[in-house]
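Just follow the structure's listing: the first ligand is 1, and inside any ligand the first atom is 1.
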Amino acid sequence: MYSMGIDIGSASSKVVIVRDIREIVAACVVPLGTGTGGPVRALDAAYRVANLERKDIDRVVATGYGRIHFSNTDEQVSEISCHAKGAFFLIPSARTIIDIGGQDAKVIRLSPEGNVLNFAMNEKCAAGTGRFLEVMARVLETDVSQLAELENGATEILPISSTCTVFAESEVISQLSAGHQIADVVAGIHESVAHRVSGLVGRIGATPQVVMTGGVAQNIAVVRALERAIKFPVTVVPKAQMTGALGAALIAGGM
Ligand code: ADP
């Protein structure tokens, strides 16, 4: 029995196909989100990898910000439920999930059985999200995937005082034109994201094991800054960006 999860986010589209709610047979991501050709491209890639067609898939669940605009699914499920299901499947000792995506951040608390006990969400503001990092990467003329490496060799963490992304961007431009080391500026950028997200964690309370999902989990410097901010070790879920799609596929399979 094959089940599929499709997670249509603001920044990327993810598709996971699971066999017998046990084995992942495809996990594909396209860095284009809702309103683009990303969802269809991610679907095509997953069918190709799994060597399957739509008719072979028994059930499909869609999640993510763009889920309501996507037809051809059996059910739509919230990102909270899907990240909880996916993270708990991969790390059953997970009790706190931190998901930082393209335009929001969420903190989810799980019971020992993997049920959602509570959650907090920042969806009103780009600060503390992947979008903030994308804006800063553009200022630094680099790609978000290079940001963690750019922090290497930092000798201090240059603070960013603005809580608004637009003002923070001006602040970073001023730091760079004042001749500060790029590594120190980048350390401040990562610290700023960690600070914002740790505020959300504070609303829920961190219970170990703390795990991280979502695209920003690929930035190890943000993960380290979060560990400093919340004073707990943070484990990155394998294929962190795919967690929501995996959870959707598991829910589609009846888990
Ligand atoms: P959404 O579900 O909202 O589309 P994702 O969970 O896919 O968001 O996360 C997207 C964010 O992940 C981007 O805004 C970017 O900051 C970050 N990101 C994406 N790819 C990478 C990468 N290779 N390395 C580090 N960060 C990345």
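Scanning the protein heavy atoms around atom 21 (C) of ligand 1, the nearest turns out to be Gln218 NE2, 3.5 Å. With hydrogens left out, the protein atom closest to atom 24 (N) of ligand 1 is Ser145 CA, 3.4 Å, a heavy atom.
Within the 4.0 Å heavy-atom cutoff, Gly33 does not count among the residues contacting ligand 1. For Glu79, the closest heavy-atom approach to ligand 1 does not fall below 4.0 Å.
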For residues 206-218, run the donor-acceptor check on the side chains, cut-off 3.5 Å, and write out each pair with its distance to 0.1 Å, sequence neighbours left out.
unit_1 : atom_1 : unit_2 : atom_2 : d
Gln209 : OE1    : Ser93  : OG     : 2.5
Gln209 : NE2    : Thr235 : OG1    : 2.9
Thr213 : OG1    : His83  : ND1    : 3.0
Gln218 : NE2    : Gly215 : O      : 2.9
Gln218 : NE2    : Gln241 : OE1    : 3.2

N/O donor to acceptor pairs below 3.5 angstrom from side-chain atoms of residues 23-47, sequence neighbours left out:
unit_1 : atom_1 : unit_2 : atom_2 : d
Glu23  : OE1    : Arg19  : NE     : 3.2
Glu23  : OE1    : Arg19  : NH2    : 2.5
Thr36  : OG1    : Gly33  : O      : 2.6
Thr36  : OG1    : Gly38  : N      : 2.9

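For ligand 1, the polar-atom distance check finds an N/O of Ser12 within less than 3.5 Å of one of the ligand's N/O atoms. Between Gly130 and ligand 1, at least one N/O pair is under 3.5 Å apart. Residue Gly215 has at least one nitrogen or oxygen atom sitting less than 3.5 Å from a nitrogen or oxygen atom of ligand 1, judged on distance alone. Note: an N/O pair closer than 3.5 Å links Glu134 and ligand 1 by distance alone. Annotation: Lys14 places an N or O atom under 3.5 Å from an N or O atom of ligand 1; distance criterion only. In terms of polar-atom proximity, defined here as any N/O pair under 3.5 Å, Gly214 makes no such contact with ligand 1.
Annotation for Ile91: atom CD1 counts as buried by contact number, over 12 foreign heavy atoms lying within 6.0 Å. Applying the 6.0 Å contact sphere to CZ of Arg95 captures more than 12 heavy atoms from other residues, nucleotides or ligands.
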Should Leu133 and Val222 be marked as a side-chain contact (heavy atoms from CB on, under 4.5 Å) after you check the CA-CA gap, both sets of side-chain angles, and the distance that decides it? CA-CA 10 Å; Leu133 293 167; Val222 170; 4.2 Å; yes
Please evaluate residues Glu169 and Arg138 with respect to the criterion salt bridge (charged side-chain N to carboxylate O under 4.0 Å, His left out), reporting the C-alpha separation (whole Å), side-chain torsions for both, the decisive distance (0.1 Å), and the verdict. CA-CA 10 Å; Glu169 183 183 11; Arg138 204 182 53 225; 3.5 Å; yes
Run the side-chain contact (heavy atoms from CB on, under 4.5 Å) check on Val107 and Phe119 step by step: do they pass? CA-CA 5 Å; Val107 180; Phe119 70 90; over 6 Å; no
Go through the steps to decide whether Gln76 and Phe70 satisfy the test side-chain contact (heavy atoms from CB on, under 4.5 Å), and finish with yes or no. CA-CA 9 Å; Gln76 294 164 355; Phe70 198 77; 6.0 Å; no
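Heavy-atom proximity to Gly102, at under 4.0 Å, picks out these atoms of ligand 1: 1 (P), 3 (O), 5 (P), 8 (O), 9 (O), 10 (C), 14 (O). Taking a cut-off of under 4.0 Å to the non-hydrogen atoms of Ala11, the atoms of ligand 1 that pass are 1 (P), 3 (O), 4 (O), 10 (C). Heavy-atom proximity to Gln241, at under 4.0 Å, picks out these atoms of ligand 1: 5 (P), 7 (O).
A donor-acceptor pair shorter than 3.5 Å cannot be found between the side chains of Asp7 and Ser13.
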